[in-house]
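Notes follow the structure.
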Amino acid sequence: MRFDFSATAPEVAQRLIGATLTVDGVGGVIVETEAYDQSDPASHSYAGKTARNASMFGPPGRAYVYRSYGLHWCLNAVCMPAGHGAGVLIRALEPTVGIETMQHRRRIQEVRLLCAGPGRLCQALGVDRSHDGSRLDRKPFRLVASSTRELLVTNGVRIGISHSRELSWRFALAGSRFLSRPMTAGAS
DNA sequence: TCGCCGATGTTCT
DNA sequence: GAACATCGGCGAT
């Protein structure tokens with residue numbers, strides 16, 4: 001079934017766990033996400049709309065692709081409320097289809113590390129700036145909601161940020177061996 | 001297995 | 001000029 005983006009970033013981030021994402025038929029099952037929104041100092045949208053983050057302020061269900069640390073690409077899904085800079089960073093996939101293509105693009109064999117991290121995931125799926133602003137329900141993207149009813153999803157502190165550590169807006173499939181890093185629990 | 005470091009686009013001070 | 005939603009390679013443990 002098609003994925004519904006008419007919800008806030010934390011809700012969408014949780015529901016994306018277990019969904020299947022492919023780009024031109026290459027990808028797998030989402031096992032790790034993080035939510036961001038405009039009220040959050042750790043978010044790219046916090047300081048308002050700029051040329052880089054413009055697609056975060058566009059319609060939900062589209063891609064926001066940005067360059068990280070000068071070299072890597074990172075893929076986000078834009079969420080509700082529309083025009084408010086809310087989004088979900090896709091951090092890791094369990095590779096299921098097109099594994100040979102991903103191994104070739106990443107120049108490694110180890111399947112566990114093909115998509116274990118936002119930069120690695122974009123390299124494996126061939127995502128770059130040309131996908132920024134594209135709809136996630138149209139080619140080359142394909143996003144299918146999880147068919148499993150009950151998935152064990154854990155949440156905790158987001159990775160690589162210094163602001164808003166109190167928000168447990170990182171979500172992951174419990175026990176997955178395809179995460180970018182082990183989950184660390186937030187403050188209780 | 002851990003931690004430091006370099007590469008370097010975009011934004012902010 | 002510095003920070004940053006990162007990664008891979010290197011040398012030290």
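We name chains A, B, ... by the order of the sequence lines, and we start the count at 1 in each one.
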Heavy atoms only, 4.0 Å cut-off, all strands: where does [X] land among base, sugar-phosphate and nothing?
| X | result |
| --- | --- |
| A/R106 | sugar-phosphate |
| A/R170 | nothing |
| A/L89 | base |
| A/R158 | nothing |
| A/S162 | sugar-phosphate |

Measure the spacing between NZ of A/K139 and OG of A/S134 and express it to the nearest 0.5 Å.
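If I round to the nearest 0.5 Å, the distance is 13.5 Å.
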
Rounded to the nearest 0.5 Å, what separates atom CG in A/L93 from atom CG in A/L125?
6.0 Å

With a 4.5 Å heavy-atom cut-off, do A/I90 and A/N76 have their side chains touching?
no

Contact between A/I161 and A/W169 at the side-chain level, heavy atoms closer than 4.5 Å - yes or no?
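Counting from C-beta outward, A/I161 and A/W169 never come under 4.5 Å.
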
Polar-atom pairs under 3.5 Å, protein N or O versus N or O of nucleotides 1-8 of chain B: list them with distances, or write none.
| unit_1 | atom_1 | unit_2 | atom_2 | d |
| --- | --- | --- | --- | --- |
| B/dT8 | O2 | A/Y69 | O | 3.1 |

Toward the 5' end of DNA chain C, by each residue's nearest nucleotide, A/H163 or A/R120
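The 5'-side residue here is A/H163.
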
Looking at A/W73, is A/R67 sitting on its ring face, NZ or CZ under 6.0 Å from the six-membered ring centre and within 45 degrees of the normal?
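Satisfied, under 6.0 Å and within 45°.
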
Tell me whether the guanidinium CZ or amine NZ of A/R52 lies under 6.0 angstrom from the six-membered ring centre of A/Y64 and within 45° of its axis.
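A/R52 over A/Y64 ring: no.
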
Measuring only the P atom in each nucleotide, how far is C/dA5 from B/dT13? A whole number of Å is fine.
14 Å

Rounding to the closest angstrom, what is the interatomic distance between C/dT13 and B/dC5 at atom P?
14 Å

Could you list where the contact with chain A starts and ends along DNA chain C, reading 5' to 3', using a 4.0 Å heavy-atom cut-off?
C/dC4 to C/dG8

How does DNA chain B look in dot-bracket form if you count Watson-Crick and G-U pairs under 3.5 Å, write [ ] for pairs that cross, and put | where a base pairs with another strand?
|||||||.||||.

